Number of protein chains: 2
Amino acid sequence: MATTPDEVLKTHGLRSTRNRHVVLEEFSHADFALSQPELEKRLKGEMDRVTLYRILSSFEEKGILHSIVDQFGTTNYASCSSSCRAGHHKDQHIHFNCLNCRKIYCLPSNNPPVDIPAGFNAENISIIAIGLCKACNSN
Amino acid sequence: MATTPDEVLKTHGLRSTRNRHVVLEEFSHADFALSQPELEKRLKGEMDRVTLYRILSSFEEKGILHSIVDQFGTTNYASCSSSCRAGHHKDQHIHFNCLNCRKIYCLPSNNPPVDIPAGFNAENISIIAIGLCKACNSN
DNA sequence: TTAAGTGCAAAATCTTTGCAAATGT
DNA sequence: ACATTTGCAAAGATTTTGCACTTAA
């Protein structure tokens, strides 16, 4: 079921605006996570930087995107799986952060079970593999 | 074998200075990872902010500390295990990032095996459990 | 002595906030 | 019409850079 951008927005209680469509469009192309600075470059001049920040955080809040903080401390965003709901994200896959191109890939691998000591209450587990990605490896 | 601060510095090719001793002292107390902002608070007035940044990055580079980027994008530092060498860190434990007090704990758990797709070359794997820590849970 | 380390000022980033104008429903 | 969304300006926060002074070896 291919949901249209309009439907995605409506379903998540957001108005359909030109800027939001542009951002959704970018994510539909990308096969990896995008950061605000990266998106800003791609959309150079298309919209105000602040608007972009606001769109990203509303998309995350509504459950359209989930965020991954990479090894450089930058927040990156990727489309959510169907298991994400507004205000509650559950990343069930591993991310790969390339040291060279800095891209973040959502890997198909599932999280392995992780052993947490008693007393600690893990709500979510972030697993990020760090190294060289497929593209950078073959150069 | 309790290595003295002086020995730690010498072994890693760093000069023995007052500032570095102060930083090492802080880490010897801490049972969790410390960020630059946190250290700056603790060492209020003891040294320049820039010096602290430089000490932390040289300690990381030389393999005295390893860094963990937390859920808020802040870089935190913790003592390295003996398996870390200059320029090559191998975190073999899981970190726990508390949503309430924001502390990062190095858990005793070992990394589970993680399945990485062919073509990707993982140098290191960062596993961060996010939730409420032991202390914050019991309040 | 002299290379490494430090402090201060300033720059560079990245992110947030306030508010008036524009836009979607 | 009216609440949302946007753009601009400005403020905050964090981290880096340049350079002259100081210090460890």
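These numbers come from a predicted model, not from an experiment.
- Side-chain heavy atoms closer than 4.5 Å link hydrophobic residues (I, L, V, M, F, W, Y) into clusters, and following such links, even through other members, never connects B:Val69 to A:Phe96.
- Computed from coordinates, the A:Met47 CE to D:dT4 P distance equals 21 Å when rounded to whole Å.
- Sequence neighbours left out, the pairs with a member in residues 22-32 of chain B that pass salt bridge (Lys or Arg N to Asp or Glu O under 4.0 Å) are B:Glu26-B:Arg42.
- Scored by the side-chain hydrogen bond (donor to acceptor under 3.5 Å, both in side chains) test, A:Glu40 finds A:Gln36, A:Arg49 as partners (sequence neighbours excluded).
- Straight-line distance from the NE2 atom of B:His21 to the P atom of C:dT6: 11 Å, rounded to whole Å.
- Note that CD1 of A:Ile104 and CD of A:Glu38 are 12.0 Å apart. Values are rounded to the nearest 0.5 Å.
- At whole-Å resolution of the value, CG in A:Leu56 and P in D:dT5 are 14 Å apart.
- Listed by chain and number, the residues in a side chain to side chain contact (heavy atoms under 4.5 Å, CB included) with B:Asp115 are A:Ser109 (sequence neighbours excluded).
- Considering only residues two or more places apart in sequence or on other chains, A:Asn19 meets the side-chain hydrogen bond (donor to acceptor under 3.5 Å, both in side chains) condition with none of them.
- Straight-line distance from the CG atom of B:Leu9 to the P atom of C:dG5: 10 Å, rounded to whole Å.
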Exercise for the section: Starting at the 5' end of nucleotides 11-23 of chain C, put B wherever the base has a protein heavy atom under 4.0 Å, S where only the sugar-phosphate does, and a dash everywhere else. Expected result: ---SBBBB-----

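- Separating the CD atom of B:Glu61 from the P atom of C:dG5 is a distance of 11 Å, rounded to the nearest angstrom.
- Each end of the helix from C:dT1-D:dA25 to C:dT25-D:dA1 gets its own rotation axis from five pairs of C1' atoms, and the angle between them is 30° to the nearest 10 degrees.
- The separation between B:Leu52 atom CG and C:dG5 atom C1' is 14 Å, rounded to whole Å.
- Place A:Arg20 and B:Lys10 on DNA chain D by their nearest nucleotides, and A:Arg20 ends up nearer the 5' end.
- Every residue meeting the side chain to side chain contact (heavy atoms under 4.5 Å, CB included) condition with B:Pro5, not counting sequence neighbours, appears here in chain and number order: B:His21, B:Leu24.
- A:Arg20 pairs by the side chain to side chain contact (heavy atoms under 4.5 Å, CB included) definition with A:Leu9, A:Leu14, A:Arg15, A:Thr17, A:Ile55, A:Ser58, A:Phe59, not counting sequence neighbours.
- Rounded to whole Å, the distance from CG on B:Asp48 to C1' on C:dC8 is 7 Å.
- In this model, the phosphate group of D:dA24 is not approached by any side-chain N or O of B:Ser16 to a distance below 4.0 Å at OP1 or OP2.
- One can place CZ of B:Arg18 at 11 Å from P of C:dT6, the figure rounded to the nearest angstrom.
- Partners of B:Asn76 according to the side-chain hydrogen bond (donor to acceptor under 3.5 Å, both in side chains) rule, which considers only residues two or more places apart in sequence or in another chain, are B:Asp70.
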